[in-house]
Novice: 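Structure provided below as structure tokens; questions to follow.
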Amino acid sequence: MKPSEGMTLIVKTVTRISVWLIILYGIYIILHGHLSPGGGFAGGVIIALALLNVLLAYGRGFITRWLNIGFLHDLESSSAAIFLAIGILGMAVGGGFLANFISHGKLFNLLSSGTIPLLNIVIGLKVCTGLFVVVWTLAIFHLSDKGEKQ
Amino acid sequence: MVIYILCFALLLVGIYGILTKRDLIKIILSLGIMGYAVNLMFILFAYKRGAGYAILVKDKAVTAMVDPLPQALILTSIVIELGITAMLVALAIRLFEKYKTFDITKIRRLSG
Amino acid sequence: MILPFLIIIPLLAAFLITLISGGRDSWAIVFSILAVISLLALSVFSFLSTGSQTFIYEMSGWKIPLTICLVQDALSTFMLVIVNLIALTSLMFSVSYIRQYSAPWKYYALFMLLIAGMNGVIATGDIFNLFVFMEIALFSAYALVAFGGKAEEYEASFKYAVMGSVSSTLILLGIGILYSATSTLTMAKIAEILPTLDVKLTYWVGAIFLAGFGLKAAIIPFHAWLPDAHSSAPAPISAMLSGVFIKSLGVYVLIRLFFNVFGGVAVFNEVFLVIGAISMIIGVFLALGQWDIKRLLAYHSISQIGYIIIGIGLATNLGILGGVFHLFNHAIFKALLFYNAGVLEMTTGTRDLRQMGGLAKKLPTTSFTSMIASLSIAGLPPFNGFFSKLIIFIAAIQAGRPVYAFLAGLGSLLTLASFMKMQRYAFYGKENKDADKTLAKVSTAMKWAMISLAVLCLLTSLMVIPGIRELTLDPVVAVIMNKTGYIAEVLGR
Amino acid sequence: MAISEISYLILVPLIVALINIVLPVILRKLLTAGTVIYLALLTYRLYTGDVTETLILDTVVFSVDKLALFILIFIQVLSAIILLFSLKGVKQEFQKAFFVLYPMTIAFSNGAVVSVHSISLIIFWGLTGIMLYLFAIMDKTKEASDTAKKTMIIVGGSDVFLILGLVLIWFLEPGYGWNLSNNQVLLSGELAYIAFFCIVIAAFAKAGGFPLHSWVPDFAKDAPVESAAFLPAALDKLLGIYLLARISLTIFKLTPFVHILLITLGALTVITGVMMAMIQHNGRKLLGYHAVSQVGYMIMGIGSGSILAIVGGLFHMVNHTIYKSNLFLALGAVEKRTGTNDLDELGGLGTRMPLTFLAALIGAFAISGIPPFNGFYSKWMIYQGILEIARSQSAGYQIWLLICLILVVFGSALTLASFMKFIHAIFLGKRPAKLADINEAPFNQWLATGLLSILCIGFGLFAKELPLKHFILPVMNQPGLNLLGAYSPLMLIGLFGLALLIGLIIYWITRKVRFDEVYLGGMEALEKFRITGTAFYNEIRNLKPLKGIYDSAEKKYLDIYDLGKHCSFGIAKLFSTIHNGQMLFYNLWLVVGLLILLLVIK
């Protein structure tokens with residue numbers, strides 16, 4: 001059973017190194033969403049792809065040991081809820097739903113543009129967990145399918 | 001003009017796919033192609049001759065930028081398409097489980 | 001200030017349900033019921049407080065051409081009331097009905113997303129935002145159709161999803177063309193700019209939208225997904241889909257776009273009339289030949305949407321009054337009929353009418369409410385369907401189009417025939433001995449969901465009384481008929 | 001909103017019906033009886049006093065003219081008598097619902113009659129249809145459910161035509177608004193004709209005119225017998241013919257062509273009804289077909305356009321409701337005692353149930369048009385009226401009218417023939433062994449049939465003095481009619497008395513009759529050799545040209561309901577084969593639909 005798990009050692013090794021770089025890059029994209037191309041969605045997809053890389057290279061069994069899928073589910077839902085909460089906060093403090101209620105800061109600074117970086121982070125979390133969970137769910141499907149056939 | 005026609009041709013490819021392909025996965029791909037054609041069309045609409053990307057950078061004039069709104073829209077529509085595709089793939093897997101086939105013409109218990 | 005909550009509350013409920021659930025379905029039920037009750041209260045309040053005014057809510061504090069706006073006028077609040085009313089009864093019905101499936105909390109989360117999507121479509125004044133909410137609603141609808149996990153359900157869901165995605169792509173295409181011509185996504189702004197442009201643009205975009213939203217509204221020839229999807233979904237979802245989904249995503253958007261944005265172009269009204277008549281007649285014929293009770297009801301949805309579209313297509317005050325009223329009534333009695341069908345399916349374990357029979361004694365509530373709903377959809381007095389159909393008849397003849405009145409009459413006759421068939425085979429006649437073995441219990445909540453809708457079938461007849469009509473339906477009609485008024489109201493000029 | 005006394009005609013029974021839902025059965029009966037008496041008194045007040053109108057939302061909704069008043073009176077009379085019959089003997093399982101539906105039906109029928117506003121007429125008309133359905137589904141057997149379905153589809157479906165017709169009238173004569181009371185729309189132009197025939201369809205479906213009659217015999221067979229007497233025999237006739245009279249007398253001015261058409265339809269109704277009635281073996285179904293057949297006379301009378309015939313038609317309607325409910329109730333009384341309504345199983349009850357027998361005999365004479373009973377009087381008036389019409393027509397029309405008239409007279413003769421069968425099969429002949437200990441019907445039942453019989457005789461003898469003078473001639477605004485030929489009931493009764501006397505004398509002279517046992521082949525006749533009342537009529541059924549027609553009628557090829565059913569199922573089948581489950585095909589519809597839209601919209 002074990003040998004079929006994951007790909008070759010080369011792939012695993014490369015993945016082990018590169019995945020952190022990819023995640024780091026994703027985080028960078030998310031954090032600089034308000035300054036440069038990209039943002040929560042793009043960064044989130046990048047992080048999710050990194051996780052998928054692990055999934056492909058190491059197989060399903062490793063992922064269940066490495067990550068707490070239930071936690072990812074919770075993270076996904078809660079990030080969406082936080083997004084809404086920020087929106088409602090904008091409603092309460094600012095002029096409308098999702099209105100900016102933090103100072104704009106200085107243009108081209110990392111800590112600027114009010115709530116947008118916050119939202120970017122939340123979206124990034126949501127997208128990365130969401131996308132990964134979706135693919136993970138599809139992978140689970142496949143598992144049960146094989147089991148049925150045998 | 002040619003580029004619009006090509007974009008339209010891409011749409012037609014998608015439509016051709018959903019009308020003739022019998023494989024579930026190919027139908028899903030055809031849907032994707034249709035979606036891409038429309039997305040591409042949005043981008044084409046946003047394009048201005050000689051304009052650059054729509055990112056605010058230091059010392060760059062705002063006027064020489066393409067319309068940024070369609071790009072935002074496209075991002076949204078891509079997300080939606082992603083969701084739908086995932087959904088369809090999941091359904092396709094389930095359908096295969098139940099019907100043991102990927103042929104849509106054989107998946108026809110509901111009729112009449 | 002109310003409208004954003006109508007979208008936020010169900011979204012929040014959906015996320016909270018997924019967050020805290022994990023074998024604890026009771027929390028999901030509590031959250032969703034609380035959410036829907038508050039939604040209904042809010043929407044009723046907003047409907048009553050709106051009257052003939054228009055309120056605009058601008059998101060994130062920006063001003064109108066730059067931001068997404070929510071439009072609160074009589075039409076949108078009216079639709080919101082329908083959606084949330086049916087949602088509440090559907091949820092009441094779901095609580096015990098959905099126990100037969102695994103992981104009910106997913107159901108509630110998806111249900112909340114469905115409501116969020118529909119409320120969003122109705123509330124928004126921005127055409128792309130409309131598209132996004134529509135996709136949210138559609139997405140959850142696809143998932144809910146497949147919720148039962150049977151082969152037919154996956155099949156129906158897949159077909160629905162493919163056809164729905166094609167039509168969504170068409171809609172996106174139309175939105176793209178509109179954006180390229182007008183450089184704005186706010187519907188009022190588009191409406192303002194469109195008359196200055198070539199009228200051909202309106203025609204082409206209109207045709208594309210008609211196909212796209214026509215599929216959502218299940219107008220023939222874009223209806224093929226509906227009988228599959230509506231009959232395969234769990235009963236409360238069938239009720240939501242048939243009762244409000246096709247109306248909020250299809251008919252409402254068609255009304256909003258073709259009247260308020262395109263300004264009620266005459267040729268579209270003609271097309272509405274023709275496809276409305278086709279849907280009405282073919283739909284009812286298809287229903288007549290059915291033995292599967294839910295398919296029968298689903299085909300009737302096509303037919304009844306035909307009535308609504310005819311009423312709208314007449315484009316007179318009376319015609320639109322009839323159409324809008326019928327829309328409201330149809331939501332009520334069709335939801336009720338689907339609950340009845342759900343009870344029948346649950347208790348007898350089959351959807352085939354030929355295998356039922358003599359259930360009137362065992363299921364008195366279901367039988368009684370089903371009779372009311374049947375008479376109501378067949379257009380018999382004193383139930384609400386009668387009055388809306390009557391108004392459509394009168395409007396058609398008044399508009400000098402008696403042919404449509406006669407077609408509507410024929411449709412009504414055949415509707416009566418097919419519901420008499422349903423009544424006879426399901427509730428009367430000889431009892432089927434095999435059927436009573438698996439007789440499951442109908443819970444109190446289900447009964448109350450059915451009874452409350454049955455009572456509404458009678459009470460909403462009162463909306464034709466001028467005093468009540470002036471408060472309820474007339475502002476809605478005024479919004480639809482006041483075509484350029486929408487521009488002025490939204491843009492604040 | 002001004003509520004006058006007229007609206008009490010609707011409100012009081014409706015409220016009583018709603019109260020009845022929660023009461024125990026005995027109180028339901030009492031309350032309903034009280035209501036019926038109250039309604040009768042109220043109608044009398046309306047008849048004598050000044051009539052006030054009921055306004056709702058500043059429009060006149062309820063009002064009575066002479067025609068409506070005339071119908072109202074008979075609704076109250078008949079519902080009172082039939083209620084008397086139903087006080088004891090309604091099946092236990094139906095009782096609860098019966099006394100809720102009964103006052104409700106009265107309320108809606110009253111409402112339909114007093115409505116002068118189109119919309120309210122449509123509403124009450126539809127409601128009476130629903131009541132019919134609710135009565136029909138009381139019995140939960142398969143046949144009863146089928147009948148309920150059929151009844152509702154025909155009667156409820158015809159409501160659509162009523163709506164269309166009335167809306168068209170409103171459209172054609174916008175000056176009158178929705179008011180129906182003093183309209184005179186000329187029948188000219190397609191729309192006016194369509195409107196007229198739409199309403200005729202509704203009236204025919206309600207009253208049971210050819211070709212929309214087929215629900216009546218089925219309903220008569222499968223619904224509770226009280227409701228068969230109450231609705232298709234009495235109230236629905238009143239309502240349907242009321243509507244026909246309303247449109248042909250006060251709303252439309254008919255053209256000669258329409259007159260001839262209605263007369264022809266009437267004649268067809270008479271002959272088809274009676275031909276089908278002859279061969280029935282089920283007593284209720286036989287009466288049901290006669291209920292159809294008799295409508296033909298009314299349609300002829302009202303459609304003919306001659307005042308005499310119209311009066312005759314209205315009079316015939318009243319007479320019919322009286323004797324047909326009489327017959328239904330008599331049969332019902334028999335059925336409740338014996339437990340069957342199959343004519344083959346009955347017989348010889350005349351000595352056991354003499355009062356019921358007498359009532360049924362009077363009813364049978366009346367329906368067969370034997371003088372001096374009321375049926376003869378009205379038929380006589382109709383024939384005369386049609387002859388009078390024929391006189392003023394061209395030769396072709398004259399011949400046509402004569403053919404119709406001959407058909408109708410023949411139909412009348414056949415009616416007599418089939419009632420011979422009816423009476424013989426139930427009350428005469430040899431009594432089957434299992435009916436040995438049958439007793440007379442309860443007090444209330446024979447009282448009800450007796451009252452109706454008295455009305456039969458009274459309206460026949462004093463037609464001119466009572467019903468015509470007080471109820472019907474005022475409708476036509478005619479002080480008196482002098483066209484009745486040489487017929488005088490009193491003279492006729494003298495003749496009859498003479499004939500009876502001669503008969504008695506002959507009987508007296510030859511009274512030495514020897515009674516003996518019947519032997520067959522040297523053996524005492526067994527039960528199975530008993531000749532049933534229906535046996536003679538099997539010959540008719542097997543006559544050469546009729547056999548084919550009867551066969552196809554029994555297979556329901558000639559029923560418009562079944563024809564329509566097959567037709568619509570064929571179309572439905574066609575459409576549903578297109579929905580073949582192929583998604584690619586569905587996608588093609590989508591794309592082709594889009595292309596068509598793109599091409600069409602310009």
Side-chain angles (χ1 to χ4, degrees), chain B residues 4 7-8 11 14-15 17-19 21 24 27-28 30-47 67 69-70 72-74 76-100 104 106-112, chain C residues 66 126-129 131-136 138-143 145-146 149-181 183-185 224-225 227-229 231-232 286 289-292 295 298-299:
Chain B
Y4 281 100
C7 175
F8 185 64
L11 186 73
I15 291 176
I18 59 154
L19 287 181
K21 292 296 161 207
L24 296 184
I27 290 171
I28 297 169
S30 307
L31 279 178
I33 293 172
M34 268 183 88
Y36 293 143
V38 174
N39 291 350
L40 192 58
M41 189 199 70
F42 261 92
I43 298 295
L44 289 176
F45 285 151
Y47 179 66
D67 188 354
L69 190 57
L73 303 185
I74 288 317
T76 319
S77 109
I78 287 173
V79 177
I80 291 168
E81 268 166 34
L82 173 78
I84 298 290
T85 310
M87 178 86 201
L88 281 169
V89 169
L91 283 172
I93 293 171
R94 286 295 199 193
L95 276 174
F96 184 75
E97 235 175 59
K98 301 281 180 187
Y99 289 80
K100 302 286 177 233
I104 188 73
K106 295 206 177 90
I107 300 176
R108 43 175 297 198
R109 271 188 218 170
L110 294 167
S111 63
Chain C
L66 299 175
D126 178 285
I127 195 161
F128 191 81
N129 197 236
F131 174 79
V132 173
F133 278 121
M134 185 183 78
E135 288 297 323
I136 293 176
L138 277 173
F139 190 86
S140 31
Y142 303 149
V145 167
K150 290 199 203 73
E152 286 86 356
E153 288 161 22
Y154 289 128
E155 179 187 340
S157 175
F158 186 82
K159 287 178 178 171
Y160 181 20
V162 169
M163 297 181 75
S165 310
V166 174
S167 74
S168 297
T169 315
L170 286 179
I171 291 167
L172 193 59
L173 183 73
I175 293 172
I177 296 171
L178 270 186
Y179 179 75
S180 75
S183 302
T184 178
L185 290 168
W225 59 271
D228 296 352
S231 60
S232 301
L286 279 161
Q290 282 301 324
W291 287 104
D292 180 333
R295 255 183 121 72
Y299 277 124

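Chain identifiers are assigned alphabetically (A, B, ...) following the order of the sequence lines, protein sequences preceding nucleic acid strands; residue numbering begins at 1 within each chain.
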Novice: Looking at C:Ser165 and C:Tyr142, what are the two nearest heavy atoms and their distance?
Specialist: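 Looking at all heavy atoms of both residues, the shortest contact is N-OH, 3.7 Å.
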Novice: Is atom CZ of B:Phe8 surrounded by more than 12 heavy atoms (other residues, nucleotides or ligands) closer than 6.0 Å?
Specialist: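 Not buried by this count: 12 neighbours or fewer within 6.0 Å.
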Novice: Can you name the closest pair of heavy atoms from C:Ser232 and C:Ala156 and give their distance?
Specialist: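 So the minimum-distance heavy-atom pair works out to OG-CB, 3.4 Å.
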Novice: A cation-pi test, strictly: NZ or CZ of B:Arg94 under 6.0 Å from the centre of the six-membered ring of C:Phe158 and no more than 45 degrees from its axis. Yes or no?
Specialist: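 Checked: cation-pi criterion not met.
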Novice: Just so I know, are the side chains of B:Phe42 and C:Leu172 near enough to count as touching, which here means a heavy-atom distance under 4.5 Å?
Specialist: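 In short, these two side chains touch, coming nearer than 4.5 Å.
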Novice: Sub-3.5 Å donor-acceptor pair from the side chain of C:Glu135 to the main-chain atoms of C:Phe131, do we have one?
Specialist: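 A pair under 3.5 Å: no.
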Novice: Let me know if C:Ala151 has heavy atoms under 4.5 Å from chain B in its side chain, its backbone, both or neither.
Specialist: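 Both parts, heavy atoms under 4.5 Å.
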Novice: Between C:Phe128 and chain B, which part of the residue has a heavy atom less than 4.5 Å away: side chain, backbone, both or neither?
Specialist: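 Interface part for C:Phe128: side chain.
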Novice: Is B:Leu73 close to chain C through its backbone or its side chain, or both, or neither, when contacts mean heavy atoms under 4.5 Å?
Specialist: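 B:Leu73 touches chain C through backbone and side-chain heavy atoms alike.
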Novice: Could you tell me which portion of B:Ile80 (side chain, backbone, both or neither) has an atom closer than 4.5 angstrom to a non-hydrogen atom of chain C?
Specialist: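 Looking at B:Ile80, just its side chain touches chain C.
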Novice: Do you know which of B:Ala92, B:Gly83, B:Gly35 has the most heavy-atom pairs with chain C at a distance under 4.5 angstrom?
Specialist: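 The candidate making the most pairs under 4.5 Å is B:Gly83.
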Novice: Checking C:Ser168 against chain B: side chain, backbone, both or neither under 4.5 Å from a heavy atom?
Specialist: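 C:Ser168 has no heavy atom closer than 4.5 Å to chain B.
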Novice: Step through the shown structure and confirm whether more than 12 heavy atoms of other residues, nucleotides or ligands are within 6.0 Å of OH on B:Tyr36.
Specialist: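 No, OH of B:Tyr36 has 12 or fewer neighbouring heavy atoms, counting only those of other groups under 6.0 Å.
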Novice: Using a 4.5 angstrom heavy-atom cutoff, name the option from C:Ile136, C:Val166, C:Leu170 with the most pairs to chain B.
Specialist: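 Maximum pair count with chain B is reached by C:Val166.
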Novice: Please state whether the side chain, the backbone, both or neither of B:Ser111 comes within less than 4.5 Å of a heavy atom of chain C.
Specialist: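 The answer is the backbone of B:Ser111.
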Novice: Measure C:Ile175 against the heavy atoms of chain B and call it side chain, backbone, both or neither at under 4.5 Å.
Specialist: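 For C:Ile175, the contact with chain B is made by backbone and side chain together.
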Novice: Please state whether the side chain, the backbone, both or neither of B:Leu44 comes within less than 4.5 Å of a heavy atom of chain C.
Specialist: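 Neither part, no heavy atoms under 4.5 Å.
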Novice: Taking side chain as everything from C-beta outward and backbone as N, CA, C, O, which of these in C:Ala143 sits under 4.5 Å from a heavy atom of chain B? Side chain, backbone, both or neither.
Specialist: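 Contact with chain B is through both the backbone and side chain of C:Ala143.
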Novice: State, without any angle test, whether B:Tyr99 and C:Glu155 hold a side-chain donor-acceptor pair at a distance under 3.5 Å.
Specialist: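 Checked: B:Tyr99/C:Glu155 side chains pair up, N/O donor to acceptor below 3.5 Å.
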Novice: Tell me, for B:Leu24 versus chain C, whether the close heavy atoms (under 4.5 Å) come from the side chain, the backbone, both or neither.
Specialist: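 B:Leu24 touches chain C through backbone and side-chain heavy atoms alike.
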Novice: Side chain, backbone, both or neither: which part of B:Met34 has a non-hydrogen atom closer than 4.5 Å to chain C?
Specialist: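 Its backbone and side chain both get close to chain C.
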Novice: With side chain to side chain contact (heavy atoms under 4.5 Å, CB included) as the criterion, how do C:Thr169 and C:Leu173 come out once you've worked through the C-alpha distance, each side chain's angles and the decisive distance to 0.1 Å?
Specialist: CA-CA 6 Å; C:Thr169 315; C:Leu173 183 73; 5.9 Å; no
Novice: Pick one of side chain, backbone, both or neither for B:Ile107, based on which atoms fall under 4.5 Å of a heavy atom in chain C.
Specialist: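 It is both, since atoms from each part get that close.
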